[in-house]
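Encoded as structure tokens, the structure appears first; notes follow it.
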Amino acid sequence: SPDSIYMIPFRVNTFSAYEFNPNKNTVLYRLYLKNYYASTKDGDGATIYNHRGRRGGTNTMLQKKVFPVAPNQVRVMAGIKEFQKEEALIEKWSIRLVVEEDNRVTILPWSAKFGTQVTQVDGDLEFPNVFLIVDDGYNTYKTFLLRYNYVDPDDGQTYEMREELRLAFNEKEEY
């Protein structure tokens with residue numbers, strides 16, 4: 001889970017040419033989750049993508065936290081819901097983006113039992129459910145173009161969502 005902190009304990013059992021304090025022979029090494037799309041080392045344990053889109057008839061602009069959950073998958077909150085660390089809210093509001101080999105994106109609920117109902121909508125020319133690398137001549141961006149409908153778990157209404165998630169990056173610094 002990207003919401004947990006993972007540590008590996010190390011201990012010095014023997015030493016040779018180096019002097020050390022035997023009372024300080026342990027260290028905890030923190031592990032971070034990372035895939036091509038996001039990392040738990042960035043920001044507040046998530047990668048921050050800029051969001052631009054439409055929720056129903058309203059234009060939206062905000063920042064979304066994106067969490068790596070598998071080599072080709074990330075987790076985000078549905079619609080314009082702001083991320084909160086409470087496990088119940090994560091289960092209730094999160095969706096999973098699965099990036100296929102051809103860069104098509106499949107949108108799934110995070111939790112089929114407790115999560116928001118989400119329906120991927122294909123055929124939208126502006127938001128075709130893909131992941132792209134976009135170079136505008138000045139910057140290079142990792143970009144998700146997404147189109148889905150979701151049922152707001154709080155009010156029960158269905159909302160149409162068209163969104164672009166964009167992250168500036170330098171290909172030379174990747175991996």
Side-chain angles (χ1 to χ4, degrees), residues 1-6 29-86 89-110 115-116 118-150 152 158-175:
S1 168
D3 307 306
S4 298
I5 295 176
Y6 297 96
Y29 183 79
R30 183 172 177 182
L31 298 177
Y32 294 97
L33 302 177
K34 180 178 182 176
N35 63 21
Y36 184 70
Y37 316 98
S39 168
T40 57
K41 192 170 184 175
D42 298 335
D44 188 22
T47 300
I48 309 295
Y49 276 73
N50 290 318
H51 157 97
R52 147 192 98 77
R54 288 183 68 78
R55 180 177 173 225
T58 305
N59 289 333
T60 57
M61 289 187 79
L62 51 108
Q63 293 184 325
K64 275 193 156 180
K65 291 186 177 186
V66 178
F67 297 87
V69 293
N72 67 329
Q73 298 179 30
V74 294
R75 184 189 74 206
V76 298
M77 301 300 262
I80 58 173
K81 182 71 173 178
E82 184 177 336
F83 177 77
Q84 296 174 10
K85 291 184 178 185
E86 295 175 41
L89 292 174
I90 293 169
E91 290 281 326
K92 188 176 178 181
W93 278 95
S94 292
I95 59 175
R96 181 186 312 257
L97 306 178
V98 181
V99 182
E100 307 297 339
E101 287 185 23
D102 61 358
N103 287 333
R104 286 183 298 127
V105 175
T106 302
I107 303 168
L108 302 168
W110 176 248
T116 185
V118 64
T119 305
Q120 180 170 324
V121 178
D122 293 315
D124 187 311
L125 297 178
E126 190 177 354
F127 297 93
N129 296 317
V130 295
F131 173 80
L132 305 167
I133 300 296
V134 176
D135 189 333
D136 67 3
Y138 299 101
N139 294 304
T140 304
Y141 299 94
K142 294 179 181 182
T143 306
F144 288 94
L145 296 173
L146 307 172
R147 172 66 180 93
Y148 59 93
N149 296 337
Y150 71 98
D152 185 314
T158 300
Y159 293 94
E160 294 181 359
M161 197 69 210
R162 291 172 176 84
E163 69 181 325
E164 173 187 57
L165 299 176
R166 182 178 251 202
L167 174 69
F169 81 108
N170 183 341
E171 287 183 285
K172 293 176 185 175
E173 295 176 2
E174 284 292 310
Y175 292 91

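Values reported hereafter were calculated over all heavy atoms of this structure, with side chains retained and with hydrogens, waters and symmetry mates removed.
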Decide yes or no on side chain to side chain contact (heavy atoms under 4.5 Å, CB included) for K65 and F67, but give the supporting numbers first. CA-CA 7 Å; K65 291 186 177 186; F67 297 87; 3.8 Å; yes
Closer than 3.5 angstrom, by distance alone: can the side chain of [X] be matched with the main-chain N or O of [Y] as a donor-acceptor pair?
| X | Y | result |
| --- | --- | --- |
| T47 | S39 | yes |
| T158 | Y150 | no |
| N129 | T106 | no |
| N35 | A70 | yes |

Beyond-backbone contact of [X] with [Y], side-chain heavy atoms, under 4.5 angstrom:
| X | Y | value |
| --- | --- | --- |
| I5 | R30 | yes |
| E164 | F127 | yes |
| I80 | Y159 | no |
| T116 | K81 | no |
| K64 | L165 | yes |
| I133 | T143 | no |
| V121 | N149 | yes |
| V118 | W110 | no |

Residues R166, V134; criterion side chain to side chain contact (heavy atoms under 4.5 Å, CB included); working and verdict: CA-CA 9 Å; R166 182 178 251 202; V134 176; 3.8 Å; yes
Hey, could you give me the [atom1]/[atom2] distance between [X] and [Y], rounded to the nearest 0.5 Å?
| X | Y | atom1 | atom2 | value |
| --- | --- | --- | --- | --- |
| E160 | R162 | CD | CZ | 5.0 Å |
| T119 | R147 | OG1 | CZ | 10.0 Å |
| I107 | Q120 | CD1 | CD | 4.5 Å |
| S4 | L31 | OG | CG | 12.0 Å |
| T140 | L167 | OG1 | CG | 11.0 Å |
| E163 | L62 | CD | CG | 8.0 Å |

Count the heavy atoms of every other residue, nucleotide or ligand shown that sit under 6.0 Å from CD of E82, and state whether that count exceeds 12. no
Is the NZ or CZ atom of K142 positioned over Y36's six-membered ring, under 6.0 angstrom from the centre and within 45° of the axis? yes
Using the ring centroid of each side chain, check whether Y37 and F131 are separated by less than 6.0 Å. yes
Minimum heavy-atom separation for D136 to Y138, with atom names? OD1-N, 2.8 Å
Walk me through whether L132 and L145 qualify under side chain to side chain contact (heavy atoms under 4.5 Å, CB included). CA-CA 8 Å; L132 305 167; L145 296 173; 3.8 Å; yes
Mind running side chain to side chain contact (heavy atoms under 4.5 Å, CB included) on I95 and V76 for me, showing each step along the way? CA-CA 6 Å; I95 59 175; V76 298; 3.6 Å; yes
The single option from R55, H51, R54 that satisfies side chain to side chain donor-acceptor pair (under 3.5 Å) with T60 is H51
